[in-house]
Amino acid sequence: MKNKLDGVEEILLMGPGPSCIHDSVYEALGLKTLGHMDPYFIDIMDEIKKLLQTVMKTHNRMTIPISGTGSAGMETCFVNLIERDDPVLILINGVFGQRMQDVATRLGADVDSLEFEWGTPVIPEKVEDMLEKKNYKIVAVVHAETSTGVRNPVEEIGDLLRGKETLYLVDTVTSLGGIEVAMDAWGIDVLYSGTQKCLSCPPGLAPVSVSDRALDVILGRKTKVPNWYLDVSMLTKYWGGETRVYHHTAPINMNYALYQSLFLSVEEGLENVFRRHLECHNMLVRGLDDLGINMLVSPDFRLPMLNSIHIPEGVDDAEVRSKLRSNHKIEIGAGLGPLAGKIWRIGLMGHTARKENVTRVLTALKEVLNK
Ligand SMILES: Cc1ncc(COP(=O)(O)O)c(C=O)c1O
């Protein structure tokens, strides 16, 4: 019988995620599986929590990987905090802000949204106006909007919320491990991420951190968290405390992989990791400029790890991406929503952010476009 897996080839992942994975992370995935209550695995869990606290720059005790992808992290944050009719403000300038709005609406929240043009950042003054009109339980924003390549001013929005009861919820799926995320200093109460972007681990876990203040709100709910699997109060009993209480069977090998990818980032030094992303981004922008290709986002709000570029006039979007995939073994991303057919998204996330990869994608693009 032919084994389908024999056909899996190595593709240079330069799209919006997943990103390339270091060999040592693949090796971690292949280690022997331990039991989910095994004392050695529990030691590894404790180390994962500490490494996540380091990468997120937080002291929050409740800092754990949720079993599920980034969207499970999003669901966890909203489902634990929202009770019916809670006023929530979602700041939207791309697909993932829209997804937050959908999740919060499904939970019966009283959702207001403030929308900004795709490719431009959230404007803090507009948020301030909204905050003057209404007391929100939660304000939520995406730090790195993967659908457009925009970095939103998370720190400035955090300043607007300082001293208020409002909880600040931030999506760091694409930013964590690629640019600075300073959860405590920026006043973020709840934060989620994913493993497959700048942490350079396969998709499958969603790091989440909850401040003590937000945990008090969760523990003081009038109604039960309507989702058993993602209930933080139950998860804390498995991930923390003196005696661990079984909740669900943790994906052991994915946790090994996450441990190893966090270990690599911390060992390299976060500042060095951020610099590597920025240098690769600058090199890519210069090379694209030489090819006559322009960036979508203005320099002040560009993400180094997600580069949205205008598709040159008269060029077939899908054909170029398909040739990059088949002839050069490179994946880049298409535009989404109103940007479909207008932009490509080139990812420089985690282990992908290396100069040889920038050279490779520029050379391949030049060849495909010249033909
Ligand atoms: C900013 C952002 N938030 C949330 C998600 C959802 O994560 P996942 O696809 O891992 O469920 C993504 C995925 O690309 C993302 O980029």
Side-chain angles (χ1 to χ4, degrees), residues 13-21 52 56 65-79 90-104 106 113 116 118-122 140-154 157 168-181 183 188 190-209 227 229-230 251 254-255 257-258 261 277 296-297 301-308 331-337 339-340 343-350 352-353:
L13 296 169
M14 301 195 82
S19 59
C20 297
I21 288 160
L52 284 176
M56 294 172 177
I66 297 291
S67 306
T69 64
S71 306
M74 188 189 288
E75 295 267 9
T76 302
C77 294
F78 284 104
V79 82
I90 315 266
L91 311 175
I92 303 177
N93 55 350
V95 166
F96 297 101
Q98 286 181 334
R99 188 173 298 181
M100 282 180 160
Q101 181 190 36
D102 189 6
V103 169
R106 284 166 191 246
S113 53
F116 301 85
W118 289 36
T120 70
V122 167
V141 68
V142 177
H143 188 198
E145 191 31 274
T146 327
S147 59
T148 63
V150 165
R151 180 185 56 78
N152 278 320
V154 164
I157 299 164
Y168 190 23
L169 193 166
V170 180
D171 172 319
T172 65
V173 171
T174 286
S175 54
L176 191 71
I179 52 175
E180 187 176 35
V181 172
M183 182 167 189
I188 301 171
V190 232
L191 172 153
Y192 63 89
S193 191
T195 46
Q196 75 273 25
K197 313 270 187 179
C198 295
L199 298 180
S200 270
C201 187
L205 291 175
V208 164
S209 185
N227 184 308
Y229 193 67
L230 302 176
M254 265 308 298
N255 276 288
L258 175 60
S261 63
H277 280 82
L296 172 78
V297 179
F301 295 98
R302 276 179 201 158
L303 292 169
M305 72 287 282
L306 196 288
N307 298 271
S308 291
E331 176 184 277
I332 66 166
L336 298 175
L339 295 173
I343 62 161
W344 289 315
R345 293 178 298 151
I346 301 186
L348 291 169
M349 298 179 178
T352 303

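Order of appearance sets the numbers: ligands from 1, and atoms from 1 within every ligand. The first residue of the sequence shown is numbered 1, and numbering continues consecutively from there.
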Between the main-chain N or O of [Y] and the side-chain N or O of [X], is there a donor-acceptor pair closer than 3.5 Å?
X	Y	result
T352	C20	yes
N227	Y229	yes
H277	G350	yes
K197	P16	yes

Between R106 and D102, is the side chain to side chain contact (heavy atoms under 4.5 Å, CB included) condition met? List the steps. CA-CA 6 Å; R106 284 166 191 246; D102 189 6; 2.9 Å; yes
Can you pull out the closest protein heavy atom to [atom]? Residue, atom name and distance to 0.1 Å, please.
atom	value
atom 10 (O) of ligand 1	Q196 NE2, 2.7 Å
atom 6 (C) of ligand 1	S71 OG, 3.3 Å
atom 13 (C) of ligand 1	K197 NZ, 3.4 Å
atom 12 (C) of ligand 1	F96 CE2, 3.2 Å

Does an N or O anywhere in [X] fall below 3.5 Å from an N or O of ligand 1?
X	answer
Y192	no
R99	no
A144	no

Distance-only polar pair, side chains of R151 and S175, donor-acceptor under 3.5 Å
no
- Donor on one side chain, acceptor on other, T148 and S308, under 3.5 Å: no
Measuring from atom 3 (N) of ligand 1, which candidate in T172, L336, D171, T69 has the nearest non-hydrogen atom?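 Of the listed residues, D171 has the closest heavy atom.
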Sub-4.0 Å atoms of ligand 1 with respect to non-hydrogen atoms of [X]:
X	value
T174	16 (O)
T146	1 (C), 2 (C), 15 (C), 16 (O)
G70	7 (O), 8 (P), 10 (O), 11 (O)

Within the 4.5 Å heavy-atom criterion, are V150 and T120 side-chain neighbours or not?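 No - every pair of side-chain heavy atoms lies 4.5 Å or more apart.
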With heavy atoms and a 4.0 Å threshold, my read on which part of E145 contacts ligand 1 is neither
